[in-house]
Structure formats: structure tokens, C-alpha cells
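Report on the following structure.
Atom set for the values below is all heavy atoms of this structure, side chains included, hydrogens, waters and symmetry mates excluded.
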Amino acid sequence: WAHAHLSGLYYVNRQPDEAIRLSETAIKLNPNSPHGYHFLGISQISCGKASEGLHNLELSAQISPQDPYTGPTLAWIAIGNLGLGNFQETVQWAQKALDNPHTQFWANAALVSAYGNLESKPEAIRARDNLIRRKPDFTIAFANNFFPVRHPDYHTNLIDVLPKARLPED
């Protein structure tokens, strides 16, 4: 457990290689815990390895579907699919994440971006309204500064379409 959560600290501090190493250690120590897979998956997505990250996040969700991390895990599966340009899958996973009481507002943002990339403006506007209800201070500048993925392709799939949903710039 400690290795998994320590890897989360390295992820937050933008040290994905160390986060990946610690997550792999956590999995070796306890392969039945979803947390090692969760932090490994988000670290992999963050450094541009979304296919690998999606696999590990799906394992995390399967191991313990009622775990409090399941909502964030499902949101991260949506974000990974968004990064890969799988916009229909992003919509499906974001909606699953939003059905979970423990999810993060990034699932809402992924949904806005997926609909924007799919050119579904009415759905993007509805998703934007739900995002703003959940996180009233969400702006394009906020997303640009705090989106947890720094890989340029993934970042672009989220950020570049936000103006289509008429989100505030700052």
C-alpha cells in the first residue's frame, strides 16, 4: 500500500519514471491490490504510454470495483482514451466514471473534450454545464495549467477543443 501511494506522490510531482518504478514494486508486493495498478496506469498515461496505462487501470477497476479509487480510475481510463483519440470510448468511460460517487471533475472535462472532438456541440455544451456545476472555477487556463497529463498529444486532445464548448478562457 505504501509503495503505491508513494508512487502517487512522485506522479503528482511530475516524476513519472520513479512513480512507475514504485508502482511496479507495489504490484510485486501485493498483486491483489488495485492501488499499484491505478498509480502505474496514471503514470504511464502521463508519460505517453496510454495503451499500457489503460490495461493497468482496467486491472485496477476489475480487482476492486467498489474501491474508492474506482471513480478516479474510470476517469483516467476516459483520459487515456481521449489521449489516444478514441473519442467514443472516452464518452463511454467518462459516463461510467460520472456514475461513480467518488469520481473527479476531470471525467467531466474529458467528456466535454470528447464531444468537442466528435463535433457534437449540443452534447459538449451540456457536458460543459455539468462540469461548471461541479467545478465552477474551471477555465481553459486552469485546464492548461493543471491537466494531469503533460504528454503533448494527450494535452492537445483535451485543451484545444474546450473553446468549442464556450468554456471561459480564464
Side-chain angles (χ1 to χ4, degrees), residues 8 11-16 19 34 37-62 65 67-170:
Y11 157 74
V12 168
N13 287 303
R14 296 199 170 116
Q15 297 178 38
Y37 296 100
H38 172 84
F39 287 112
L40 179 58
I42 68 174
S43 297
Q44 289 169 322
I45 289 172
S46 294
C47 64
K49 300 175 185 174
S51 294
E52 295 169 41
L54 288 172
H55 172 75
N56 286 304
L57 289 166
E58 289 173 11
L59 282 174
S60 175
Q62 289 170 4
D67 190 271
Y69 274 95
T70 301
T73 297
L74 298 173
W76 271 98
I77 294 172
I79 290 168
N81 276 292
L82 181 66
L84 292 173
N86 301 330
F87 304 125
Q88 290 289 355
E89 289 86 352
T90 301
V91 168
Q92 292 167 2
W93 284 104
Q95 289 173 334
K96 286 180 187 179
L98 293 170
D99 288 340
N100 185 291
H102 304 290
T103 199
Q104 304 164 325
F105 65 86
W106 289 112
N108 297 86
L111 192 58
V112 172
S113 295
Y115 283 135
N117 279 294
L118 290 168
E119 302 291 331
S120 299
K121 193 169 185 172
E123 288 89 351
I125 297 296
R126 275 194 295 278
R128 180 220 47 210
D129 292 346
N130 290 332
L131 170 60
I132 296 301
R133 269 193 290 285
R134 184 163 201 186
K135 181 145 181 69
D137 60 340
F138 192 93
T139 64
I140 294 171
F142 175 87
N144 213 10
N145 289 327
F146 295 104
F147 182 53
V149 177
R150 286 291 167 221
H151 190 276
D153 293 341
Y154 301 180
H155 200 261
T156 298
N157 282 346
L158 177 83
I159 305 297
D160 287 356
V161 298
L162 292 177
K164 290 181 182 181
R166 291 186 243 143
L167 271 160
E169 288 289 329
D170 52 20

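No side-chain heavy atom of Y37 sits under 4.5 Å from any side-chain heavy atom of T73. Annotation: side chain of L57 is in contact with side chain of I45 (closest heavy-atom distance under 4.5 Å). Using a 4.5 Å heavy-atom cutoff, the side chains of W76 and Q104 are in contact. In this structure the side chain of W93 never reaches within 4.5 angstrom of the side chain of L82, judged on heavy atoms. With a 4.5 Å cut-off on side-chain heavy atoms, K135 and F142 count as touching.
Classified by interplanar angle (parallel below 30°, tilted 30° to 60°, perpendicular above 60°), the ring pair Y69/F39 is perpendicular.
With hydrogens and angles ignored, the 3.5 Å screen pairs no side-chain donor or acceptor of N144 with any backbone N or O of I140.
Rounded to the nearest 0.5 Å, atoms CD1 (I77) and OG (S60) are 8.0 Å apart. Separation of atoms OG1 (T90) and CG (N157) is listed at 8.0 Å; rounding is to 0.5 Å. To the nearest 0.5 Å, atoms CG (N56) and OG (S51) are separated by 11.5 Å.
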What donor-acceptor contacts under 3.5 angstrom involve side-chain atoms of residues 161-170, with partners at least two apart or in another chain?
unit_1 : atom_1 : unit_2 : atom_2 : d
K164   : NZ     : E119   : OE2    : 2.7

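Annotation: F146 is not in aromatic contact with W106 [ring centroid separation under 6.0 Å not met].
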| task | Using the side-chain contact (heavy atoms from CB on, under 4.5 Å) rule, take T103 and R134 through it: C-alpha gap first, then chi angles, then the decisive distance, then the call. | result | CA-CA 11 Å; T103 199; R134 184 163 201 186; 3.2 Å; yes
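For T156, the side chain to side chain contact (heavy atoms under 4.5 Å, CB included) test picks out D160, with sequence neighbours left out.
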